[in-house]
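Reviewing the structure listed below.
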Amino acid sequence: IGTDADLLYRELNHRFRLQKVAVEFGAYSLELIKVADLDELLEGVTDADQIPFWAELWPASLGLTRYLLNNRDLLEGRSGLELGAGIGLAGIAARLAGAKLIQTDYMEDALGFIRINSLRNGLPEPRLLLADWRRFPQVGRFDLILGADILYEKTLHQDLAEILTNSINPDGLILLADPGRDYALEFVLGMMDQGWFVKQSRVPVVYENITHQIDIYQLRPGGTMNG
């Protein structure tokens, strides 16, 4: 671990109570830094926009990571965009598998955790973007868009659909992981109604001694379904 990562760790450790979490996926062994107790960050939050969902390692992120590392052929050399990156796990997996990724989140603190987790796992500095889905900037089009557990807020579905439509290449692939929320299925069915092709698979992951069944939705723009 380089000095940049050490310095960043000290800075984050001054502001948060940190926890190291080891995760393994076949030949990949990763160590992540996360906030030790999400409830501590919730104290004093009065604005729903400031709820620190970014600070936790969610099962859907583990499921998407497993899927990505098992399907490296989807990633090698591809340009990518991650939405709601949180502490960065899925995007780190995509980068390890060869994708050229921009990782985004609504909360600036999340970007610091993406940085440290990238550096600690042997990757160079990540490309980061602070972005609000309701006012998402024009960032170009990508071969791949990733999102883990980002469909829980129904009021943002229209914004998210516009981002996906505006940011994916005509032959691109969107991978969304979800722990089985009704809102997620509702979003996916809505995209199908708009002409998108969708395939669903399921990935089991164990986190904190509980097995979670994670839905992986593959979305492609109309007329481009391959594989």
Side-chain angles (χ1 to χ4, degrees), residues 22-32 57-104 114 117-129 139-151 160 163-180 184 187-188 191-192 195-207 211-227:
V23 292
E24 294 188 3
F25 303 92
Y28 293 89
S29 181
L30 306 176
E31 184 181 76
L32 302 174
L57 178 61
W58 299 104
S61 180
L62 295 166
L64 182 55
T65 298
R66 172 161 290 171
Y67 184 88
L68 294 172
L69 294 178
N70 286 340
N71 294 275
R72 293 173 56 98
D73 57 305
L74 298 176
L75 304 169
E76 182 68 39
R78 306 291 177 87
S79 64
L81 177 71
E82 184 179 15
L83 301 173
I87 64 171
L89 174 59
I92 287 170
R95 294 180 67 202
L96 287 171
K100 303 170 184 177
L101 202 70
I102 297 176
Q103 293 176 270
T104 75
I114 297 169
N117 286 325
S118 297
L119 296 173
R120 288 177 63 89
N121 286 287
L123 289 168
E125 283 281 353
R127 298 168 64 195
L128 303 174
L129 176 65
V139 290
R141 292 185 180 270
F142 301 85
D143 301 321
L144 182 72
I145 298 178
L146 308 176
D149 208 349
I150 63 173
L151 301 174
L160 181 57
I163 294 169
L164 299 181
T165 300
N166 294 333
S167 303
I168 194 69
N169 281 329
D171 60 348
L173 173 64
I174 296 165
L175 294 172
L176 302 178
D178 189 85
F187 176 84
V188 169
M191 296 295 281
M192 292 177 67
W196 289 67
F197 291 104
V198 176
K199 288 175 65 175
Q200 179 186 5
S201 56
R202 187 159 286 174
V203 175
V205 294
V206 178
Y207 184 54
T211 299
H212 303 264
Q213 298 293 332
I214 305 302
D215 292 320
I216 306 293
Y217 294 105
Q218 295 186 36
L219 290 79
R220 293 183 186 270
T224 64
M225 192 59 184
N226 297 304

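Every heavy atom of this structure was used, including side-chain atoms; hydrogens, water molecules and symmetry mates were not.
With contacts defined as side-chain heavy-atom distances shorter than 4.5 Å, the pair T104/L128 does not qualify. For the pair L173 and Q218, the minimum side-chain heavy-atom distance is below 4.5 Å. Counting only heavy atoms from C-beta outward, the side chains of N117 and L89 never approach each other to under 4.5 Å. Contact check for L175 versus I145: no side-chain heavy atoms found under the 4.5 Å cut-off. Looking at heavy atoms from C-beta onward, R141 lies out of side-chain contact with S79 at the 4.5 angstrom threshold. Within the 4.5 Å cutoff, the side chain of Y67 has heavy atoms near those of the S201 side chain. In this structure the side chain of F25 reaches within 4.5 angstrom of the side chain of L62, judged on heavy atoms. In this structure the side chain of I174 reaches within 4.5 angstrom of the side chain of W196, judged on heavy atoms.
Remark: the backbone N or O of A148 is not paired with any side-chain donor or acceptor of S61 at under 3.5 angstrom. A side-chain donor-acceptor contact under 3.5 Å links R95 to the backbone of P124. Side-chain N or O atoms of D178 include one that pairs as donor or acceptor with a backbone N or O of G180 at under 3.5 Å. Of the possible donor and acceptor atoms, one in the side chain of R66 sits under 3.5 Å from a partner among the backbone N and O of P204.
Rounded to the nearest 0.5 Å, atoms CG (L74) and CG (L68) are 8.0 Å apart. Here the CG atom belonging to L146 is positioned 8.5 Å from the CG atom belonging to L83, to the nearest 0.5 angstrom. Rounded to the nearest 0.5 Å, atoms CD1 (I214) and CG (D149) are 7.5 Å apart. Here OG of S118 is found 4.0 Å from CD1 of I92. Values are rounded to the nearest 0.5 Å. The structure places CZ of F187 at 11.0 Å from OH of Y217, a figure rounded to the nearest 0.5 Å. A distance of 6.5 Å separates CG in D171 from CG in D143, rounded to the nearest 0.5 Å.
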Does the side chain to side chain contact (heavy atoms under 4.5 Å, CB included) test come out yes or no for F142 and I102, once each step is laid out?
-> CA-CA 10 Å; F142 301 85; I102 297 176; 3.9 Å; yes
Tell me, with the steps shown, if L57 and V23 meet side chain to side chain contact (heavy atoms under 4.5 Å, CB included).
-> CA-CA 11 Å; L57 178 61; V23 292; 4.2 Å; yes
Determine, step by step, whether L96 and L30 satisfy the side chain to side chain contact (heavy atoms under 4.5 Å, CB included) criterion, reporting the C-alpha distance in whole Å, the side-chain angles of both residues, the deciding distance to 0.1 Å, and the verdict.
-> CA-CA 11 Å; L96 287 171; L30 306 176; 3.8 Å; yes
Just do the side chain to side chain contact (heavy atoms under 4.5 Å, CB included) check on L151 and L176 with the steps written out, would you?
-> CA-CA 9 Å; L151 301 174; L176 302 178; 4.2 Å; yes
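Closest approach of A94 and L101 over heavy atoms only: CB-CD2, 4.2 Å. Across all their heavy atoms, G86 and I114 have their closest contact at O-CG1, 3.2 Å. The two residues N121 and S29 make their nearest non-hydrogen contact at OD1-O, 4.4 Å. Annotation for A177 and L64: closest pair CB-CB, 3.6 Å, computed over non-hydrogen atoms. Across all non-hydrogen atoms, the minimal contact from P126 to Q103 is CB-OE1, 3.9 Å. Residues I168 and P221 come closest through the heavy atom pair CG2-CG, 3.8 Å.
Side-chain contact, Q200 with D215: a donor N or O sits under 3.5 Å from an acceptor N or O.
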